[in-house]
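Input: a single structure, listed below in structure tokens.
Computed from a prediction, not measured in an experiment: that's the story for all the values here. Labels below follow one simple rule: chain letters A, B, ... track the order of the sequence lines, proteins then strands, and each chain is numbered from 1.
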2 protein chains.
Amino acid sequence: MKFPRTLVFTTLALAAGSVLAHEMKPDFVIGYRQGVYKMIRWNFAPMVEMVKGEHPFDAAQFTRRATRLSFLSHQLDEAYPPGSGEGAPTDALPAIWEDHADFMAKLKDFQREARALRVVAETGDEARTKEQFVKTAGTCKACHDTYRAE
Amino acid sequence: MKFPRTLVFTTLALAAGSVLAHEMKPDFVIGYRQGVYKMIRWNFAPMVEMVKGEHPFDAAQFTRRATRLSFLSHQLDEAYPPGSGEGAPTDALPAIWEDHADFMAKLKDFQREARALRVVAETGDEARTKEQFVKTAGTCKACHDTYRAE
């Protein structure tokens with residue numbers, strides 16, 4: 001079968017080389033990684049405002065944001081390949097690769113708590129949802145304290 | 001599942017109504033939007049390589065990437081609020097807000113085809129998956145031609 005290569009590859013001129021080559025281009029990896037965090041922050045912000053009482057608690061919106069957060073947390077699994085600590089501006093510290101097992105364990109903590117946040121948000125229980133949100137945010141901080149530049 | 005148009009628009013209006021202060025800061029919105037596209041490109045790249053034959057077709061990987069693509073396509077629904085056409089460097093053209101209905105229709109095309117890509121990828125049918133990938137990429141190009149700066 002022939003494909004209209006021009007159509008695809010004009011649109012996606014960026015995408016060339018092997019899968020591994022892509023993932024090893026530091027600016028591509030770093031851009032991806034920062035994109036995940038931008039999406040996380042976007043969804044985090046309305047939850048923060050609800051937890052702080054700056055906006056009325058809305059269980060449906062909270063669930064939607066927590067569901068996205070949980071999805072996004074897993075997209076970080078492939079965001080820190082070896083060699084992606086430099087090559088473009090990044091706040092990721094070398095410690096991420098120096099103690100990668102600990103870093104990945106902390107990422108797993110975040111993934112577990114973000115999932116728990118989705119589950120509790122779905123129940124509509126405001127108090128327990130807010131409590132779990134604080135616990136989830138704690139897993140962010142635990143990682144940032146050690147592995148992210150100020 | 002098909003939703004009645006009124007329900008869709010009510011849902012969108014509610015979502016717009018729940019847009020919080022954060023989301024109206026243009027640099028925050030633009031950063032979010034670009035983050036979505038960075039994640040899209042990251043997942044698109046390995047699919048391009050498989051379609052081009054630069055990398056062996058791997059139905060499981062293709063399905064994983066297509067699933068993410070489908071998820072991400074829906075995250076664009078809230079990425080273009082009024083007023084987010086300036087305030088930070090962006091390739092988004094003013095036409096997006098001048099003919100928003102057409103823009104949103106093109107976004108829906110992308111969402112529909114990305115979902116179809118996930119569905120066909122899950123069957124493991126290489127030829128049909130590649131065909132649907134080209135169709136999906138066509139919806140990207142259709143929007144970029146009119147609404148994205150060169």
Notebook entry, point to check: Side chain, backbone, both or neither: which part of B:Ile40 has a heavy atom under 4.5 Å from chain A?
Noted result: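 Nothing of B:Ile40, per the 4.5 Å heavy-atom cut-off to chain A.
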In Å, rounded to the nearest 0.5 Å, how long is the span from CD of A:Gln111 to CG of A:Leu69?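 One finds 10.5 Å between CD of A:Gln111 and CG of A:Leu69.
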Show every side chain to side chain donor-acceptor pair (under 3.5 Å) that has at least one partner inside residues 137-150 of chain A, sequence neighbours left out.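 Non-adjacent pairs meeting side chain to side chain donor-acceptor pair (under 3.5 Å): A:Asp102-A:Tyr147, A:Lys141-A:Asp145.
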Taking side chain as everything from C-beta outward and backbone as N, CA, C, O, which of these in A:Arg33 sits under 4.5 Å from a heavy atom of chain B? Side chain, backbone, both or neither.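 Neither part.
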**Q.** Interface moiety of A:Phe71 toward chain B, non-hydrogen atoms closer than 4.5 Å
**A.**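 A:Phe71 touches chain B through side-chain heavy atoms alone.
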Exercise. For B:Arg112, check side-chain hydrogen bond (donor to acceptor under 3.5 Å, both in side chains) against everything at least two apart and list the hits.
Key: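 side-chain hydrogen bond (donor to acceptor under 3.5 Å, both in side chains) check on B:Arg112 returns B:Asp109.
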| message | Heavy-atom pairs under 4.5 Å with chain A: which of B:Asn43, B:Val36, B:Leu72 has the most? | response |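 The option with the most such pairs is B:Val36.
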- Query: Taking A:Gln34, A:Arg41, A:Arg68 one by one, which has the highest count of heavy-atom pairs under 4.5 Å against chain B?
  - Reply: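 Option with the greatest count: A:Arg68.
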When the ring planes of B:Phe62 and B:Phe133 are compared, do they come out parallel, tilted or perpendicular, using 30° and 60° as the limits?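 B:Phe62 vs B:Phe133 ring planes: perpendicular.
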Return the orientation label for the A:Trp97 and A:Tyr80 ring planes: parallel under 30°, perpendicular over 60°, tilted otherwise.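 Answer is tilted, since the angle falls between 30° and 60°.
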